[in-house]
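Heads up, the thing below is written out as C-alpha cells.
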Amino acid sequence: EPEVTQTPSHQVTQMGQEVILHCVPISNHLYFYWYRQILGQKVEFLVSFYNNEISEKSEIFDDQFSVERPDGSNFTLKIRSTKLEDSAMYFCASRDSSNQPQHFGDGTRLSIL
Amino acid sequence: AQSVAQPEDQVNVAEGNPLTVKCTYSVSGNPYLFWYVQYPNRGLQFLLKYITGDNLVKGSYGFEAEFNKSQTSFHLKKPSALVSDSALYFCAVRDSDRDDKIIFGKGTRLHILP
C-alpha cells in the first residue's frame, strides 16, 4: 500500500537556525497537509495546500513557517528561525478526493536546542 | 468552531472482552468523522471513517464505530480485544461544509491486558 514518506525521522537544530522538513506524499494525491504534535499534547493542524497554494492555515502557522512543493513529488515545511517551542513531532498528510481520509507519514521529530 | 472530546485518557480491557473508546464532536455543518491509531514512534494510521450512509461503519483490524447524530457521538468499538490493539487512539472531525482541516481529540490510550 502506498505511503506518505517523511525525512529525516529526527532533526536536531540550534535555536534560531532554519530547518526544512521533507515529505513525499502519495503519488496521486492532490491535497497536502502539515500537523504537529507537541509531546503529550494533541495533534494540531498547521496548514493545508492544494493546487500549488495554501488553502488554509492555523494561528500556529505564522510568518516563520512556509510550505513549498518544489517539484511533482516533494512537499516541504520550512521554519525560518526556530524557537524552543517549535520542538514537536511534525506530521505530513495527503489525500486524493473530497471524501477520502488523510493518510499520514511517520513524522519527523524536531528537537530545538 | 469544530471540536472533539475524548473523555477517557486511558481505557483498560481484558483480552477477549469487547472494547469501547468514546468520542463526541461538535461541528456547525455536516461532520466527516475519523478514527486513527498511533503506535509508538509511528504516525497516525487510518482506521475508519463516517461520511454518509449507514451509521455503523466498519474499518481495519475488526474495529467499527457508530455514528449517533442526536448524541453527536462516534464511539469506537471492537467485539473482542487483542493485546496488539494496545495503542493511542484519536478521534477526529472535519466540518465538510466549511473547511478541509481535521481537528483531533486528545487521544485515548488503550491497554489490552493479557
Side-chain angles (χ1 to χ4, degrees), chain A residues 1-10 21 23-26 29-51 53-61 67 88-109, chain B residues 1-10 23 25 27 29-53 57-61 63 65 67 74 87-109:
Chain A
E1 186 174 328
E3 294 182 341
V4 175
T5 305
Q6 290 186 244
T7 54
S9 57
H10 191 190
L21 308 183
C23 172
V24 179
I26 295 173
H29 285 190
L30 302 174
Y31 300 82
F32 312 110
Y33 310 84
W34 283 100
Y35 292 81
R36 79 172 185 191
Q37 185 181 31
I38 295 173
L39 187 63
Q41 299 185 23
K42 65 168 65 176
V43 177
E44 302 172 291
F45 168 78
L46 291 178
V47 65
S48 58
F49 191 88
Y50 170 72
N51 200 25
E53 60 182 21
I54 291 173
S55 45
E56 187 177 359
K57 59 183 181 179
S58 72
E59 292 176 352
I60 303 166
F61 195 89
V67 290
M89 184 74 93
Y90 287 80
F91 292 107
C92 175
S94 69
R95 68 173 175 87
D96 51 13
S97 60
S98 180
N99 290 346
Q100 295 307 307
Q102 296 176 23
H103 293 268
F104 286 76
D106 282 345
T108 294
R109 182 169 299 283
Chain B
Q2 57 261 46
S3 65
V4 176
Q6 292 181 245
E8 304 148 318
D9 290 335
Q10 183 168 308
C23 171
Y25 66 90
V27 297
N30 287 314
Y32 288 179
L33 293 155
F34 308 90
W35 277 100
Y36 286 84
V37 59
Q38 186 178 33
Y39 297 99
N41 300 314
R42 298 298 304 276
L44 299 162
Q45 185 175 339
F46 169 73
L47 276 182
L48 51 79
K49 70 180 192 292
Y50 171 82
I51 303 296
T52 186
V57 293
K58 294 185 184 296
S60 307
Y61 313 119
F63 284 93
F67 171 63
F74 190 58
L88 188 57
Y89 289 80
F90 290 95
C91 181
V93 67
R94 176 188 158 198
D95 187 338
S96 65
D97 292 342
R98 288 173 57 90
D99 49 36
D100 192 23
K101 64 179 179 288
I102 287 179
I103 300 299
F104 286 87
K106 65 180 173 61
T108 298
R109 189 162 298 282

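Letters A, B, ... are given to chains in the order of the sequence lines, protein chains preceding strands, and every chain is numbered from 1.
- Heavy-atom neighbours of B:Q10 CD from other residues, nucleotides or ligands within 6.0 Å: above the threshold of 12.
- Contact of A:E44 with chain B is not made at all, since no heavy-atom distance falls under 4.5 Å.
- Contact of A:Y31 with chain B is made through the side chain alone, with heavy-atom distances under 4.5 Å.
- Heavy-atom pairs under 4.5 Å with chain A were tallied for B:G105, B:G43, B:A92; the largest tally goes to B:G43.
- Heavy atoms closer than 4.5 Å to chain B are found in the side chain of A:E56, but not in its backbone.
- Heavy atoms only, all atoms of each residue included: A:Q6 and A:Y90 are closest at NE2-O, 2.9 Å.
- Looking at B:Q45, there are no atoms closer than 4.5 Å to chain A (heavy atoms on both sides), in backbone or side chain.
- Taking the six-membered ring where the residue is Trp, the centroids of B:Y25 and B:Y50 are separated by 6.0 Å or more.
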Verify side chain to side chain donor-acceptor pair (under 3.5 Å) between B:T108 and B:E8, making sure each step is shown before the conclusion. CA-CA 6 Å; B:T108 298; B:E8 304 148 318; 5.0 Å; no

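- Residue B:F90 comes nearest to B:K106 through the heavy atom pair CE2-O, 3.6 Å, listed as atom of the first residue, atom of the second, then distance.
- Between the NE2 atom of A:H103 and the CZ atom of A:R95 there is a distance of 10.5 Å, given to the nearest 0.5 Å.
- Only the side chain of B:I51 has a heavy atom closer than 4.5 Å to any heavy atom of chain A.
- Residue B:Y36 touches chain A through its side chain alone, counting heavy-atom pairs closer than 4.5 Å.
- Within the 4.5 Å cutoff, side-chain heavy atoms of A:I54 are placed close to those of A:F49.
- If you measure heavy-atom distances from B:K49 to chain A, the contacts under 4.5 Å come from the side chain alone.
- The residue among A:S48, A:P101, A:S55, A:S58 with the most heavy atom pairs within less than 4.5 Å of chain B is A:P101.
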